[in-house]
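Numbering of ligands and ligand atoms starts at 1, following listing order.
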Amino acid sequence: MTEETWGRARNELLKTVGKNNFTTWIEPLRIVDLCDGIAAFEAPTKFTRDWVSRNFSEPMLHELRKAGALVERIEIRVAELRAIPAAELGKPKVRKPVRTHDEADLPGAPLDARFTFDSFVVGKPNELAHAAARRVAEGGPVTFNPLFLYGGVGLGKTHLMHAIAHELQTRRPDLRVLYLSAEQFMYRFVQALRERQIMDFKELFRSVDVLMVDDVQFIAGKDSTQEEFFHTFNALVDQGKQIVISADRAPGEIKDLEERIKSRLQCGLVVDLHPTDYELRLGILQTKTEAYRVQYPGLQLADGVLEFLAHRISTNVRVLEGALTRLFAFASLVGREITLDLAQECLVDILRASDRKVTIEEIQRKVAEHYNIRLSDLVGPKRVRTIARPRQIAMYLAKHLTTRSLPEIGRRFGGRDHTTIMHGIRKVEELRGADVQLAEDIDLLRRLLEA
Ligand SMILES: Nc1ncnc2c1ncn2[C@@H]1O[C@H](COP(=O)(O)OP(=O)(O)OP(=O)(O)O)[C@@H](O)[C@H]1O
């Protein structure tokens, strides 16, 4: 009964607090009792307990009441196994030769069990970041420090960081691995200042073997946190400990981040996760679909639906995943096959929001600029290879980055027939596989246009 009520409340919380907050804070909670007006929970760490009490007890109360529970207040205690002993802060760490996952007692954020290397789909836009993350996850001698991963929203930075932590826990259980967001770093720092435990804070953070800080841009402009971060960073690097950092942009581009920190962050390996391309999006959709086929056996998926989604939703992987989840849930509720029509009907808002804003004119301008030819030649009648090939590339991009029809594209390319456009697109598709330079040009142009 208790579990059931909490289950209902949890489902609602997922909607109200958002997926990220839900996975990080609500999911790790375990309900232990629901009686006498008190809902009692266990949190994996003291940090989670404090954070949840401070930020989520109101919405939790609200949803529990809506789910039918007579509850006056929420009580959260730290689960025995993963508790941070009160005396830990401040005491020199007694290092055990071998530690296991369950013994973890660092104040890190909970790891999402789904974010592993196995579930990470590798493609051209993320292959370097993936390879670097794999190298760090081997737990061997530190070769680059820090590993700095950056990229736009929802491109897999957090996923890769969690994957490193999971892998290290398996391969090197002797290492003390601490993963947390920059916001949590600041929260702990401020708390230590307030409770006059700054020495303990320093000692704790300097005692780890691998420190992973997510979304470091958060500390920009927060002067004393930056200062402390800088010292922690230096102390760990000096001891040869591995640091992994993520941010939404390159170190040099983070506004209000101290210069000395920027230059420190640039010392190791800086890798970016590029915006996804069509192939990667399709790969991710196919992988996720396999899991859904198990969850929804019997649901039929028509040909072309995944290709359609990969083509139309180019914003970020989170949106792509959300679309697929909704599609499967919807199809199973209405008991229909997943067809293109159903996808369009059920995802109308997502499809509208991610409609590409790129115009054919922009494509033509960028391509002409890139190949150093005149715009008038690009759309004109000249047939020499140095002009005809860029023109075909522009046609190909117009087809893939806009929703324009072939006759419409033809009109914008000097009134050409749609069969000419089709021929141009096919030619580029053919050449892409064999001509590395051409494939790179297309990727680059695509990135510039989608940026
Ligand atoms: N290459 C990939 N393969 C499989 N799943 C992926 C991939 N890239 C991203 N995802 C999924 O997309 C979602 C968003 O990824 P993640 O949270 O790692 O993004 P992020 O780059 O940290 O974004 P943010 O800047 O918003 O924190 C996650 O569910 C993640 O599993």
inquiry  = Suppose we call two aromatic rings close when their centres sit under 6.0 Å apart. Are Phe185 and Phe201 close by that rule?
reply    = yes
query = Is Gly154 in polar range of ligand 1, meaning some N or O pair under 3.5 Å apart?
reply = yes
task = Please work out whether any backbone atom (N, CA, C, O) or any side-chain heavy atom from C-beta onward of Ser246 is under 4.0 Å from ligand 1, and answer side chain, backbone, both or neither.
result = neither
ask   = Taking the side chain from His166 and the backbone from Thr116, do they hold a donor-acceptor pair closer than 3.5 Å?
value = no
request  = Spell out, as yes or no, whether a donor-acceptor pair under 3.5 Å connects the side chain of Arg249 to the backbone of Tyr150.
outcome  = no
request  = Name the orientation class of the two ring planes belonging to Tyr296 and Phe328 (parallel below 30°, tilted from 30 to 60°, perpendicular beyond 60°).
outcome  = parallel
Atoms in ligand 1 flagged as close to Lys288, the criterion being non-hydrogen separation under 4.0 Å = 5 (N)
ask   = Can you list the ligand 1 atoms lying under 4.0 Å from a non-hydrogen atom of Asn126?
value = 1 (N)
key: Heteroatom proximity flag, Ile284 to ligand 1, N/O under 3.5 Å   = no
request  = Under the side chain to side chain donor-acceptor pair (under 3.5 Å) rule, what do Thr276 and Arg281 come out as? Steps first, then yes or no, please.
outcome  = CA-CA 6 Å; Thr276 55; Arg281 289 196 293 273; 3.1 Å; yes
Electrostatic pair Glu127-Arg134, nearest N-O below 4.0 angstrom = no
ask   = To the nearest 0.1 Å, how far is atom 4 (C) of ligand 1 from its closest protein heavy atom, and which atom is that?
value = Ser119 O, 3.2 Å
message = Can you name the atoms of ligand 1, numbered from 1 with element, that are less than 4.0 Å from a heavy atom of Gly156?
response = 8 (N), 9 (C), 15 (O), 16 (P), 18 (O), 19 (O), 20 (P), 21 (O)
query = Is Val153 in polar range of ligand 1, meaning some N or O pair under 3.5 Å apart?
reply = no
message = Taking only non-hydrogen atoms of Gly151, do any sit less than 4.0 angstrom from ligand 1?
response = no
note = In this structure, atom 22 (O) of ligand 1 is nearest to the protein heavy atom Thr158 OG1, 2.6 Å
ask   = Does any N or O atom in Val121 lie less than 3.5 angstrom from one in ligand 1, N or O only?
value = yes
key: Nearest-neighbour protein heavy atom for atom 17 (O) of ligand 1, which is reported as residue plus atom name and distance   = Arg318 NH2, 3.0 Å
task = Record the part of Asn316 in heavy-atom contact with ligand 1 below 4.0 Å; permitted values are side chain, backbone, both and neither.
result = neither
task = Could you go through the side-chain contact (heavy atoms from CB on, under 4.5 Å) check for Asp443 and His274 one step at a time?
result = CA-CA 10 Å; Asp443 277 352; His274 296 288; over 6 Å; no
inquiry  = Checking the side chain of Lys262 only, and the main-chain atoms of Glu253 only, is there a donor and an acceptor separated by less than 3.5 Å?
reply    = no
key: atom 18 (O) of ligand 1 - nearest protein heavy atom and its distance   = His159 N, 2.8 Å
inquiry  = Looking only at protein heavy atoms, which one is nearest to atom 7 (C) of ligand 1, and what is the separation?
reply    = Phe120 CE1, 3.8 Å
query = Sub-3.5 Å donor-acceptor pair from the side chain of Gln226 to the main-chain atoms of Asp256, do we have one?
reply = yes
request  = Going by heavy-atom distance to atom 20 (P) of ligand 1, choose the closest among Lys157, Glu127, Glu321, His130.
outcome  = Lys157
Protein contact to atom 6 (C) of ligand 1 [nearest heavy atom, distance to 0.1 Å] = Val317 CG1, 3.6 Å
key: Sub-4.5 Å side-chain heavy-atom contact between Asp441 and Tyr371   = yes
key: Cationic N near anionic O, under 4.0 Å, Arg293 to Glu290   = no
